[in-house]
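To start, the structure itself, in structure tokens.
Note that these values count all heavy atoms, side chains included, but never hydrogens, waters or copies made by symmetry.
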Amino acid sequence: MNRSAGVLLLVSSIGFGPGLTAQQPGALGACSSPPITTSAAIQQSAVYVPMSDGVRLAVDVFLPKDRGAERLPTVFISTRYWRAREGQQPSAEGQFWLARGYAFVYADVRGTGASFGQWFYPWSPQEVKDIGALVRWVARQPWSNGRVGAIGTSYTANTAQLAAVYGGPSLKAVIPRFMDFDFYADLVYMGGVVNRGLIEDWGKMVHSMDMNDKVGNPPKGVRPVDADQDGKLLAAVVTDHKKNPPLNELVNNAIYRDDIVAQYGGVSNDEGSTYRWKKQIELSKVPIFGWASWLDAGTSQGLINRYLNWSNPQTTVIGPWSHGGGFHTSQFRDPATPTEPSRDVQNEQAACFFDRYVKGAKNGFDEPGITYFTEGEETWKKTKVWPIPGTKSVRWYLGGDHSLTSAAPTAAGTDEYKVDFEATTGTHNRWYTQLGGADVVYPDRTVAGAKLLTYLTPPLERDVEVTGQAVVTLQITSTATDGNFIAYLEDVDPAGKVTYVTEGMLRALHRKISTGPQPYRTMYPYHSYLKKDGQPLVPGETATLTFQLIPTSVLFKQGHRIRLGIAGHDKDTFLRLPAEGDVTITVGRNRDRPSFIDLPVVPR
């Protein structure tokens with residue numbers, strides 16, 4: 001299945017209302033940021049900037065040649081994916097910002113690209129200090145007016161957000177797109193389940209980049225700084241990078257949040273999570289323009305948790321996109337549906353945000369809130385309050401004959417399921433899009449359902465909008481001492497087609513619901529994933545598993561049915577647990593200990 005793609009910068013929440021699609025006139029409001037220059041002449045330099053400990057970081061600076069003596073505001077990005085390849089011309093992104101009156105600065109973070117030093121894990125405290133130092137360096141340059149905005153997607157979304165920690169008063173606004181708020185719980189170990197595919201493939205990719213393995217045709221490596229005419233500096237950089245750990249080897253080495261990982265330099269498995277910097281980022285009061293997707297790992301979960309927990313002004317958008325926003329991925333749309341809003345509109349709205357907060361223009365961009373897309377209904381909506389006002393939790397019980405019923409069970413019942421370790425959602429799912437932004441494609445799930453334990457409602461008597469995070473409670477026994485439990489929420493149309501909506505998961509070891517202090521407030525039962533809370537299963541003994549699904553917004557239409565699927569593995573994505581052998585689980589649905597799913601239903 002192919003969908004129309006675009007390299008998208010950002011989407012605004014200005015002006016959307018119930019029932020508006022992004023292609024309708026006026027849906028994005030009146031704000032615009034047209035080019036203020038048509039000059040193609042660019043002054044480009046690549047330099048080393050020393051940090052306080054003497055480690056030098058590679059930085060590209062792009063300025064319009066015709067600026068004269070004018071001092072400019074700056075758009076800043078810091079990456080661990082090479083700021084540019086050798087011989088690369090100024091990027092379309094850089095040209096976009098230069099045309100709108102900004103300088104553009106792109107840096108390799110410590111231990112990556114052409115920067116010296118070591119990189120041990122994402123967004124370490126040292127990396128965060130470096131990012132702040134670079135923002136302050138930019139503000140001091142003779143071509144700078146001292147006002148900086150940080151932007152990024154994926155890894156660089158986090159570096160953009162973290163610029164607010166030490167960037168100081170010069171940092172005026174940030175645009176983090178598809179950010180990992182909680183690196184452990186939103187991406188790498190969702191529900192404690194090991195995201196094997198991501199860890200292995202991403203780890204191999206970044207290690208190859210750190211060794212400056214050349215790619216492309218002709219093959220090219222990272223761009224050296226201008227002073228490195230003989231390549232000796234870059235060779236010394238690669239020698240430094242040889243100390244970087246190959247993170248793909250960590251897939252079996254960490255279970256808990258507080259596991260100490262030797263390859264990380266002896267810190268915990270949770271050290272790189274951006275939520276840990278709440279106090280400093282709130283003190284910055286920096287406005288945030290965030291972007292996430294209902295169908296991109298757990299970026300929507302992280303965005304909502306950030307919105308609920310941080311006091312910064314936040315304009316946030318959650319749509320149906322691949323990682324980075326290149327594909328429109330509503331599973332209810334025709335495959336040829338173009339990405340919306342268009343690339344040009346999204347880029348212009350990103351510039352509107354920076355014009356408002358970095359340049360200080362009074363352009364009307366001043367509406368914090370959440371704009372979200374409802375799949376199935378295929379419309380954009382907006383709210384300043386989360387959950388949506390009037391949302392009610394509607395419970396569907398697991399019943400006999402694989403039914404979902406509104407009536408609580410009155411007698412004892414069980415369903416036995418031998419875990420099918422061949423069950424899969426394929427290699428174009430919400431987890432694989434994290435590796436390069438590929439399309440998210442879930443074919444008709446009818447056949448896939450044969451490998452799951454499934455439960456189905458009767459045909460719905462009216463439209464039902466589910467917006468938020470569903471929570472599943474299962475009463476289970478298992479023949480194993482641990483296991484992964486995955487729940488799929490799906491739509492079944494009158495013809496029997498099964499459409500994927502969302503999923504959630506929990507490793508049974510982490511099933512204890514935390515009653516202690518939480519690092520941030522959630523709208524679902526919180527699991528700490530700490531060693532002290534680990535609880536192995538006792539084979540044959542009933543255990544309660546309660547866990548959230550990744551948030552969604554979907555309209556289940558009248559006459560459709562809602563399906564809950566339960567699995568013990570997704571073979572193309574997660575680490576098998578246990579590593580070998582057969583496992584049988586039994587799901588109980590008794591009067592005293594029912595199994596059920598609670599859906600957040602929005603009034604219509």
Side-chain angles (χ1 to χ4, degrees), residues 42-63 65 71-72 74-91 93-94 97-98 102-120 122-144 146 148 150-152 155-156 159-160 162-163 165-168 170-171 206-214 220-244:
I42 296 173
Q43 177 186 330
Q44 174 180 335
S45 59
V47 300
Y48 274 129
V49 177
M51 298 292 99
S52 60
D53 60 358
V55 171
R56 292 169 287 173
L57 306 187
V59 177
D60 285 350
V61 177
F62 301 89
L63 303 169
K65 278 189 175 179
R71 293 174 179 263
L72 301 174
T74 303
V75 172
F76 171 72
I77 300 177
S78 51
T79 185
R80 72 105 53 245
Y81 298 132
W82 295 357
R83 72 202 192 284
R85 294 185 187 180
E86 54 186 324
Q88 181 178 326
Q89 297 300 307
S91 67
E93 187 174 14
W97 291 113
L98 290 171
Y102 294 86
F104 184 65
V105 175
Y106 215 139
D108 289 326
V109 301
R110 178 181 295 242
T112 75
S115 289
F116 284 90
Q118 284 77 53
W119 181 96
F120 291 103
W123 315 301
S124 69
Q126 182 60 61
E127 184 173 320
V128 177
K129 290 179 182 177
D130 291 343
I131 294 165
L134 288 173
V135 170
R136 299 193 305 272
W137 175 85
V138 167
R140 294 194 303 268
Q141 298 312 295
W143 42 262
S144 169
V148 182
I151 189 172
Y155 192 103
T156 60
T159 62
L162 291 166
V165 176
Y166 296 117
S170 293
L171 186 73
V206 297
H207 186 68
S208 176
M209 297 181 80
D210 293 348
M211 296 300 99
N212 199 28
D213 293 338
K214 298 190 175 187
K220 293 183 178 181
V222 68
R223 176 160 61 206
V225 299
D226 296 341
D228 189 16
Q229 295 298 311
D230 57 9
K232 289 182 179 179
L233 290 173
L234 193 54
V237 161
V238 173
T239 298
D240 263 9
H241 295 179
K242 288 179 180 179
K243 300 174 186 177
N244 293 359

Within-4.5 Å side-chain heavy-atom neighbours: Val105 and Gln141: no

Heavy-atom pair with the smallest gap, counting every atom of Phe76 and Ala107: CE1-CB, 4.2 Å

Qualifying residues under side chain to side chain contact (heavy atoms under 4.5 Å, CB included), relative to Val55, sequence neighbours excluded: Asp53, Leu57, Arg110, Phe116

Parallel, tilted or perpendicular: ring planes of Phe104 versus Phe62, cut at 30 and 60 degrees: tilted

Any pair counted as side-chain hydrogen bond (donor to acceptor under 3.5 Å, both in side chains), so long as it reaches residues 225-236, sequence neighbours left out: none

Min side-chain heavy-atom separation Leu72-Trp143 under 4.5 Å: no

Trace of the side-chain contact (heavy atoms from CB on, under 4.5 Å) decision for Val206 with Tyr81: CA-CA 7 Å; Val206 297; Tyr81 298 132; 3.8 Å; yes

Residue pair Asn244 / Gln118: nearest heavy atoms and the distance that separates them: OD1-CA, 3.4 Å

Spacing of CG belonging to Leu63 relative to CD1 belonging to Ile42, to within rounding of 0.5 Å: 10.0 Å

Closest non-hydrogen atom pair, Leu162 against Trp123: CD1-CB, 3.6 Å

Taking every non-hydrogen atom, the tightest pair across Pro224 and Arg83: O-NH2, 3.5 Å

Donor on one side chain, acceptor on other, Asp108 and Ser115, under 3.5 Å: no

Identified side-chain contact (heavy atoms from CB on, under 4.5 Å) counterpart of Ile77 within the set Asp60, Thr156, Thr159: Thr156

Donor-acceptor contact below 3.5 Å, side chain Ser144 vs main chain Val138: yes

Ring geometry between Trp119 and Tyr155 (parallel below 30°, tilted from 30 to 60°, perpendicular above 60°): tilted

Closest non-hydrogen atom pair between Gln44 and Pro90, with its separation: OE1-CG, 3.4 Å

Gap separating the CZ atom of Arg223 from the OH atom of Tyr106, nearest 0.5 angstrom: 10.5 Å

Euclidean distance, Leu233 CG relative to Tyr48 OH, rounded to 0.5 Å: 5.5 Å

4.5 Å side-chain heavy-atom contact, Val128 and Tyr166: yes

All side chain to side chain contact (heavy atoms under 4.5 Å, CB included) counterparts of Ser170, not counting sequence neighbours: Ala139

Stepwise side-chain contact (heavy atoms from CB on, under 4.5 Å) check, Met51 with Leu134: CA-CA 8 Å; Met51 298 292 99; Leu134 288 173; 3.8 Å; yes

Non-hydrogen side-chain atoms of Arg136 and Leu171 separated by less than 4.5 Å: no

Contact summary for Ala58 and Val225, nearest pair of heavy atoms: CB-CG1, 4.0 Å

Candidate list Val237, Leu234, Val238, test side-chain contact (heavy atoms from CB on, under 4.5 Å), partner Val222, passing option: Leu234

